[in-house]
Amino acid sequence: MKQIVQRIAGGPVEVLDVPRPVPDATEVLVRTVASVISPGTERAITALARSSLLAKARARPDLVRQVVRKARTEGLTATTRTVRSRLAGDLPLGYSAAGLVVEVGAAVTGLRTGQLVATGGAGQANHAEFQAVPGLLCAAVPYGVPAQDAAFGAVASIALHALRLADVGPGSKIVMLGLGLIGQLAARLANAAGCDVAGIDPAAHAREVAASSGVLALDECGDATTNQVLSWSRGRGADAVLVCAADRSSNAVKRVPALCRDRAAVVVVGDVGLQLRRAPFYERELSLRFARSYGPGRYEPSYESWGVDFPAGQVRWTEGRNFEAVLDLLAADRLKVSDLVTQSYDIADGAAAYQLIERRTDPYLAIQLTYPTAAAAVGSSVRLKPAPPPNCSSPGVGWAGAGSFSTSTLLPAFRAAGFDHFVAVASASGLSAVRAAASYGFEKAVPGAEAVISDPDVEVVVVATPHDTHSDLAARALRAGRHVWCEKPLALSIDELDAVEGAWRDSGRQLAVGFNRRWSPAVLAAQRFLAGVTAPKLVVYRVAAGPVPDGHWYRDRRQGGRLLGEVCHFVDTAQALVGAPIEDVIGLPGGGGPGVRHGDDAAVSLRFSDGSLATIAYGSATAAAGKEWIEVRAGSGRVVINDFRSAEANGKSAWKGRQDKGHRACAAAFRRAVTEDGAAMPTEAMLATMRATIRAAVVGGTGTGTGTGGPDRDG
């Protein structure tokens, strides 16, 4: 399928051929019929992408802080690799569209295949031939509303939500400061609600369009315009002003107080500067509010990602119900949008639409994209290079998941380990798969993990998808006769782990988990020193992992949290250093506190069959001295590993070098296990690591590390 994207590192807007997205249980797969470019919002996105690194940093200081924290905890090399990987990525453009339902997720209700729906959401309702959209961001289109009009649903909901925040009703005097697409839609919605509307914009075309819909359209002439607004409002001033302009300076908002009556509402909708003087707002006691996109539910994971709707009695107008309201107004002919379309392009020519926006020479408001029929749009994969000759002896690698870790760390490690036959790569959206395929020499990008597993040329499947999918994909790949490398965690529950273990034992194939630290030079040096020690060992493992922001995917409860997702690494490293099976485990998740979320901090204690003990203290603090510090004492011997940059044995250097957590060596060991007779991965130990970690994640729980059944199975 075709999709419009902007490279994060800059350059022109592109139309790419990518595989179709794969919806999850809370999503709907939609074949796009029409979508609307929101010029102001999308121009801002493309302009930021084309700006310098310094300009990007100034625009997103929150991301700069994340980079600094990562550099402190994981080192400059790893951070640089991650930043470069992110800059090599793409921004999918578009957020307002309409199309026909192709597939409905198991957790979605109220929608059916073949139904026309309006869709919304940046990163989901993309300018693409197919979209995978959360079910609550799809609204059924009433009979008689064409898809071209319904495609305005999301962008019009922004305007509608702003009006709701203004708390206006019939007879209210409202000023739209800025008559771009959002301002035009807000004006028409206000008219439909019985309000009187004045609009201010320096562009003649925008004023002409607004005037044709009954708006008092005014040029921006300073005091003269203010006097016109006062005369229109019977000398009182506006009851509400919606700032719909896009101006990084503060001029637009500074203009507002002179237009307002006493105690009026001011709603900021556009991206404007906010360097303000207090006095003008104070003297009229103005209420300054900010509209956050389409309405309640926006940016709320439980609503958008998990499909949990808000009760109408508690939150009447969610973003999804705002979509419905816009569609109902279109169906009742109380809102008209077709005349707002100034240009139309086929999706294949979509880049020309952004060139028009960039030039700003021709007037435009809404720019609509059209799409081919279903038969023309269907495509299963995107081939980038021919298949190798039939006598190729190198194992074919299939890759599920093309996120930042895959592209910045794991794929380079596999290449360095000698894997050189990359067959197919898949990602949920399809977009990142195409970029990974081009960068690392895959033959094709395919739609979803199932296409990777079922490919007859794939012998090795790498699972690097979200954590909640690991166990299912690993088990399916093993049952299909593939060797499997699964990134940690292998499973999130004992039942999931049992299923993967059973599939592995029945398959006769290799199963590796991405517990790379046991192959790091520092751990190998420590093992050599400890090899002759018979006394039980005492391991103290301190991890200063740093905080993760509220929007991070680790906050998604479906992904298991940081204890399951990260602490398993350190459990495996402790097991490798001790060299004995885990016998018992006790987990103590953190209880929260000021600035600390429950589950971010944890302590895990392990007892091994030889009497050794290990304690892992995992915290969300940021440590300038490094992320990981390990001390092992055994008899008179002492080993200290400092953040995988050095290992000291009894005060003397056992190894020192650049930080190396063993990714490449681990991948090399996996390749030997796959290609050489007699070689194997330490799968039993890795399964024991996961079993112990899952049991440690049970609050207050204890359990035997190698047993099965018992009261811990439901943990």
Side-chain angles (χ1 to χ4, degrees), residues 69-80 413 515-546 566-586 588 601-666 668-669 682 685 689 692-693:
R69 284 197 297 266
K70 185 176 180 68
R72 287 174 176 170
T73 58
E74 299 188 24
L76 188 59
T77 300
T79 303
T80 301
F515 294 140
N516 46 275
R517 283 161 173 77
R518 63 167 59 230
W519 278 273
S520 67
V523 169
L524 294 176
Q527 287 175 325
R528 288 192 293 270
F529 173 77
L530 296 168
V533 178
T534 58
K537 303 174 183 67
L538 178 64
V539 181
V540 177
Y541 202 140
R542 186 269 297 155
V543 184
E566 287 192 26
V567 176
C568 57
H569 255 320
F570 318 127
V571 172
D572 190 71
T573 307
Q575 183 179 207
L577 288 165
V578 169
I582 300 171
E583 193 170 78
D584 289 301
V585 58
I586 299 175
L588 184 63
D601 298 345
V604 175
S605 295
L606 303 165
R607 187 176 72 214
F608 297 84
S609 61
D610 66 348
S612 296
L613 298 173
T615 296
I616 300 165
Y618 178 89
S620 57
T622 299
K627 179 181 178 180
E628 298 173 52
W629 182 88
I630 310 168
E631 180 187 44
V632 185
R633 288 185 177 270
S636 60
R638 177 176 182 263
V639 176
V640 174
I641 296 174
N642 186 5
D643 211 21
F644 300 95
R645 291 182 170 88
S646 66
E648 292 184 353
N650 284 344
K652 296 181 180 179
S653 177
W655 175 82
K656 188 174 184 179
R658 295 179 62 181
Q659 186 181 56
D660 187 343
K661 296 182 181 180
H663 292 102
R664 295 187 177 187
C666 185
T689 287
T693 307

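Position 1 is the first residue of the sequence, and the numbers go up from there.
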The side chain to side chain contact (heavy atoms under 4.5 Å, CB included) partners of Ala576 (sequence neighbours excluded) come to Arg518, Gln527
Which residues pass the side chain to side chain contact (heavy atoms under 4.5 Å, CB included) test with Thr615, sequence neighbours left out?
Ser605
Take Lys627 and Lys661, measure what side chain to side chain contact (heavy atoms under 4.5 Å, CB included) needs, and give me the verdict at the end.
CA-CA 12 Å; Lys627 179 181 178 180; Lys661 296 182 181 180; 4.3 Å; yes
Among all residues two or more places apart in sequence or in another chain, which pass the salt bridge (Lys or Arg N to Asp or Glu O under 4.0 Å) test with Arg528?
none
Run the side chain to side chain donor-acceptor pair (under 3.5 Å) test against Ser612 and tell me which residues pass, sequence neighbours left out.
Asp610
Contact list for residues 531-541, test side-chain hydrogen bond (donor to acceptor under 3.5 Å, both in side chains), sequence neighbours left out:
Tyr541-Glu628
Sub-3.5 Å donor-acceptor pair from the side chain of Ser520 to the main-chain atoms of Asn516, do we have one?
no
Does Glu648 have any side chain to side chain contact (heavy atoms under 4.5 Å, CB included) partners at least two apart in sequence or in another chain, and if so, which?
none
Does a side-chain heavy-atom distance below 4.5 Å link Phe570 with Arg517?
yes
Can you check side chain to side chain contact (heavy atoms under 4.5 Å, CB included) on Ile641 and Trp655, steps first, answer last?
CA-CA 9 Å; Ile641 296 174; Trp655 175 82; over 6 Å; no
No-hydrogen, no-angle side-chain donor-acceptor test under 3.5 Å, Ser620 and Asp601:
yes
I need the Arg645 CZ to Arg658 CZ distance, nearest 0.5 Å.
10.0 Å
Contacts of Thr689 meeting side chain to side chain donor-acceptor pair (under 3.5 Å) (sequence neighbours excluded), chain-then-number -> Asp572, Gln575
Answer yes or no: does atom CZ of Arg664 have more than 12 heavy-atom neighbours from other residues, nucleotides or ligands under 6.0 Å?
no
Nearest-0.5 Å distance that lies between atom CD in Glu631 and atom CG in Leu577:
12.0 Å
Holding to side chain to side chain donor-acceptor pair (under 3.5 Å), I want the full list of residues that pass it with Asn650, two or more places apart in sequence or in another chain.
none
Could you pull out the closest heavy-atom pair between Ala544 and Gly626, with the gap in Å?
CB-O, 4.3 Å
Could you walk me through whether Phe515 and Cys666 satisfy the side chain to side chain contact (heavy atoms under 4.5 Å, CB included) test, starting with their C-alpha distance in whole Å, then the side-chain angles of each, then the deciding distance to 0.1 Å, before giving a yes or no?
CA-CA 8 Å; Phe515 294 140; Cys666 185; over 6 Å; no
Could you tell me which residues satisfy side chain to side chain contact (heavy atoms under 4.5 Å, CB included) with Ala614, sequence neighbours excluded, listed by chain and number?
Val539, Ala574, Leu606, Phe608
Nearest 0.5 Å, what's the OG1-CD distance between Thr693 and Glu566?
12.0 Å
